[in-house]
Amino acid sequence: VNDRGGVYSYAIAILERVPGLEDVSVTSEDAPDQLLLDLDGDMAFSYGVSSNAALQNVSWALRGAQLPRFQEEDREVPMIIEYDDTVAAGLDTLRDMSIWGNQGEVALSTFTDVSFKPAPSRISRKNGQISEAITARLADPARQAELVKAGYTALEGLDLLVDGGVEEHG
């Protein structure tokens, strides 16, 4: 989990001090390993590559590409372009994959960090900022409204900064 400068750890520590909230955690702590592409848009642009073009190439490498159906007199044949079975699209293959831009071909790894590690299966955004859900088990479910309010009250003094930092007010 990318803790964004300790924001989640800090919020969890605060919520763990609220009586009645137990097992406080970020929902993606137990996230499965996934392919992560951290694309540097400015670097890609300097090579004349759009982020969309790079990601379409990765998608094609992993899944293939659906072509229009081949029409015969009495049937349609689905057509898919994909890598040969002997060419596995592993991390090294993806890092070395050539992406065509305005200045010719460039390896994906030139402007993208390619890795395989735990990541949330869903990313939520609000006003362009990534948000993460923090969950807790309630010691007494009959007190849900009271405990939810207590949790929000405990976090009231925090300002979550754009760079992922935390600032606490009085």
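Side chains are part of it too, since the values below use all heavy atoms of this structure and drop only hydrogens, waters and symmetry mates. Quick caveat, the model's predicted, so the values are computed rather than measured.
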Side-chain heavy atoms under 4.5 angstrom apart, residues restricted to Ile, Leu, Val, Met, Phe, Trp, Tyr: same cluster for Phe45 and Val106?
no
Applied to residues 36-52, the salt bridge (Lys or Arg N to Asp or Glu O under 4.0 Å) test, sequence neighbours excluded, yields none
Kindly give the heavy-atom pair with the smallest separation between Asn57 and Ser98, and that separation in Å.
OD1-O, 4.2 Å
How about CD on Gln144, more than 12 heavy atoms from neighbouring residues, nucleotides or ligands closer than 6.0 Å, or not?
no
In chain order, what residues pass the side chain to side chain contact (heavy atoms under 4.5 Å, CB included) check against Gln103, with sequence neighbours excluded?
Tyr47
Atom CD of Gln56 and atom OG of Ser50: how far apart are they, to the nearest 0.5 Å?
7.0 Å
In terms of heavy-atom contacts, Gly101 and Val49 come closest through CA-CG2, 3.7 Å
Main-chain N/O of Leu39 paired to Thr112 side chain as donor or acceptor, under 3.5 Å:
no
For Glu146, all residues meeting side-chain hydrogen bond (donor to acceptor under 3.5 Å, both in side chains), sequence neighbours excluded
Arg143
How close do Phe116 and Leu35 get, heavy atom to heavy atom, and via which atoms?
CD1-N, 3.5 Å
Closest approach of Met43 to Thr110 (non-hydrogen atoms, all atoms of both residues)
CG-O, 3.8 Å
What do the steps show when you test Thr135 against Val24 for side-chain contact (heavy atoms from CB on, under 4.5 Å), and what is the final call?
CA-CA 6 Å; Thr135 61; Val24 181; over 6 Å; no
Rounded to the nearest 0.5 Å, what's the gap from CG on Leu67 to CE on Met79? Could you check?
6.0 Å
Flag the pair Pro78 / Gln66 as yes when at least one side-chain heavy-atom distance between them is below 4.5 Å, and no otherwise.
yes
Minimum heavy-atom separation for Pro19 and Arg17, please, with both atom names.
CD-O, 3.2 Å
Atom pair CG (Leu155) and OH (Tyr10), whose distance is rounded to the nearest 0.5 Å:
10.0 Å
Spacing of Ser51 atom OG and Ile99 atom CD1 [to the nearest 0.5 Å]
11.5 Å
Which heavy atom of Val114 sits nearest to which heavy atom of Leu108, and what is that distance?
CG2-CD2, 4.0 Å
Show your working on side-chain contact (heavy atoms from CB on, under 4.5 Å) between Leu37 and Asp113 and close with a plain yes or no.
CA-CA 6 Å; Leu37 302 174; Asp113 178 34; over 6 Å; no
Output the distance between atom CD1 (Ile14) and atom CD1 (Ile134), rounded to the nearest 0.5 Å.
9.0 Å
